Novice: 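Quick one: the structure is below, and I'll ask about it shortly.
Sequence positions, counted from 1, serve as the residue numbers for this chain. Because the structure is predicted, anything quoted here is derived from the model rather than measured.
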Amino acid sequence: DCETAEERARVLATALLLDAPILVTAALLVVGFSASISTALTGKAQHSSLVPLLAGNGLAYSLAVLVLASLRAQERARAFAILSLLQFVTALALNIIFVVGLGMGVRGVLCGNLLSNALQLIVALQVSRSSSVPSFAPRLMRPLLSFGLYLVPVMLAGWVMDMSARYLLRVFTGLGTVAVYGVGYK
């Protein structure tokens with residue numbers, strides 16, 4: 001329904017301002033329950049220092065997805081493709097540096113992904129900026145929420161399906177297999 005660049009900028013600003021507090025709260029909850037989450041995912045609480053990296057990665061990725069969706073809605077395929085490629089190449093390079101070069105293991109993968117997603121978010125926000133100043137539009141809250149709330153169960157189910165393979169591999173084979181699967185899945 002948005003026909004002008006100013007209206008599209010308001011949709012992005014409104015979506016970010018609606019989602020950011022929820023995403024930040026979720027990330028803080030994940031960090032707060034790091035030991036429990038670590039135990040559930042790896043069987044050991046000693047990996048709890050990795051959970052904040054997961055939370056930060058999820059936050060940066062989720063916000064970047066919103067901005068990239070706005071580029072898709074604006075039919076800016078080139079910008080979308082370049083940013084997606086930038087994130088992939090950056091993640092790959094940082095993962096190689098951190099894991100192979102610095103021997104950081106899983107922490108290196110998480111750091112590389114966090115940094116690449118944060119970089120993608122920062123660049124995407126700059127690319128998506130229009131000449132008008134984006135502002136919050138309360139009138140857009142209802143349509144955004146009514147559209148987005150139905151997607152939450154679908155997205156959660158997709159995430160569970162995606163992550164359950166890793167969990168089952170860990171249970172039946174070991175973390176080494178999960179690591180190989182994770183790299184191959186990317």
Novice: Once you round to the nearest 0.5 Å, how far does CG of Leu28 lie from CG of Leu23?
Specialist: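 If I round to the nearest 0.5 Å, the distance is 11.0 Å.
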Novice: Report the distance from atom OG1 of Thr39 to atom CZ of Phe33, rounding to the nearest 0.5 Å.
Specialist: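 Here the interatomic distance stands at 13.0 Å.
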Novice: Hey, quick one: are Leu63 and Leu125 part of the same hydrophobic cluster, counting side-chain heavy atoms closer than 4.5 Å, chains of contacts allowed?
Specialist: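 The answer is yes; both residues are in one hydrophobic cluster.
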Novice: Quick check on the hydrophobic clustering: are Ile122 and Leu71 connected, directly or via other members, by side-chain heavy-atom contacts under 4.5 Å?
Specialist: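 Result: no, two separate clusters.
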Novice: Looking only at heavy atoms, which two atoms of Gly105 and Val99 are closest? And how far apart?
Specialist: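 Closest approach of Gly105 to Val99: O-CG2, 3.4 Å.
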Novice: Same cluster for Leu102 and Ile96 if Ile/Leu/Val/Met/Phe/Trp/Tyr side chains link at under 4.5 Å?
Specialist: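 As far as the 4.5 Å side-chain criterion goes, Ile96 and Leu102 are not connected within one cluster.
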Novice: Tell me which one of Leu54, Asn95, Leu115 satisfies side-chain contact (heavy atoms from CB on, under 4.5 Å) with Leu110.
Specialist: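 Running side-chain contact (heavy atoms from CB on, under 4.5 Å) over Leu54, Asn95, Leu115 with Leu110 returns exactly one hit, Leu54.
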Novice: Is there a donor-acceptor pair under 3.5 Å between the side chain of Thr90 and the backbone N or O of Gln87?
Specialist: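 Between the backbone of Gln87 and the side chain of Thr90 there is no qualifying donor-acceptor contact (under 3.5 Å).
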Novice: What distance do Phe98 atom CZ and Arg107 atom CZ have between them, rounded to the nearest 0.5 Å?
Specialist: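 Rounded to the nearest 0.5 Å, the CZ-CZ separation comes out at 12.0 Å.
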Novice: Could you grab the distance from atom CG of Leu114 to atom CG of Leu53, nearest 0.5 Å is fine?
Specialist: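 The distance works out to 6.5 Å.
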Novice: Does any N or O in the side chain of Ser38 come within less than 3.5 Å of the main-chain N or O of Ser34, such that one atom is a donor and the other an acceptor?
Specialist: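 Here the side-chain-to-backbone pair does not exist.
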Novice: Rounded to the nearest 0.5 Å, what separation is found between the CG atom of Leu85 and the CZ atom of Phe80?
Specialist: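 Here the interatomic distance stands at 11.5 Å.
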Novice: Do you reckon Val24 sits in the same ILVMFWY cluster as Leu66, going by side-chain contacts under 4.5 Å, direct or chained?
Specialist: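 Yes.
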Novice: With rounding to the nearest 0.5 angstrom, report the CG to OG1 distance, Leu59 to Thr25.
Specialist: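 Between atom CG of Leu59 and atom OG1 of Thr25 there are 10.0 Å.
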Novice: Can you tell if the side chain of Val106 reaches within under 4.5 Å of the side chain of Leu50, non-hydrogen atoms only?
Specialist: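 When only atoms from C-beta onward are counted, Leu50 and Val106 do touch, with a gap below 4.5 Å.
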Novice: Any chain of hydrophobic side-chain contacts (each under 4.5 Å) joining Phe88 to Ile82?
Specialist: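 The answer is no; the residues belong to distinct hydrophobic clusters.
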Novice: Heavy atoms, side chains only, cut-off 4.5 Å: are Cys111 and Leu94 in contact?
Specialist: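 No, side chains not in contact.
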Novice: Run the side chain to side chain contact (heavy atoms under 4.5 Å, CB included) check on Leu68 and Gln120 step by step: do they pass?
Specialist: CA-CA 9 Å; Leu68 290 174; Gln120 181 185 40; 3.2 Å; yes
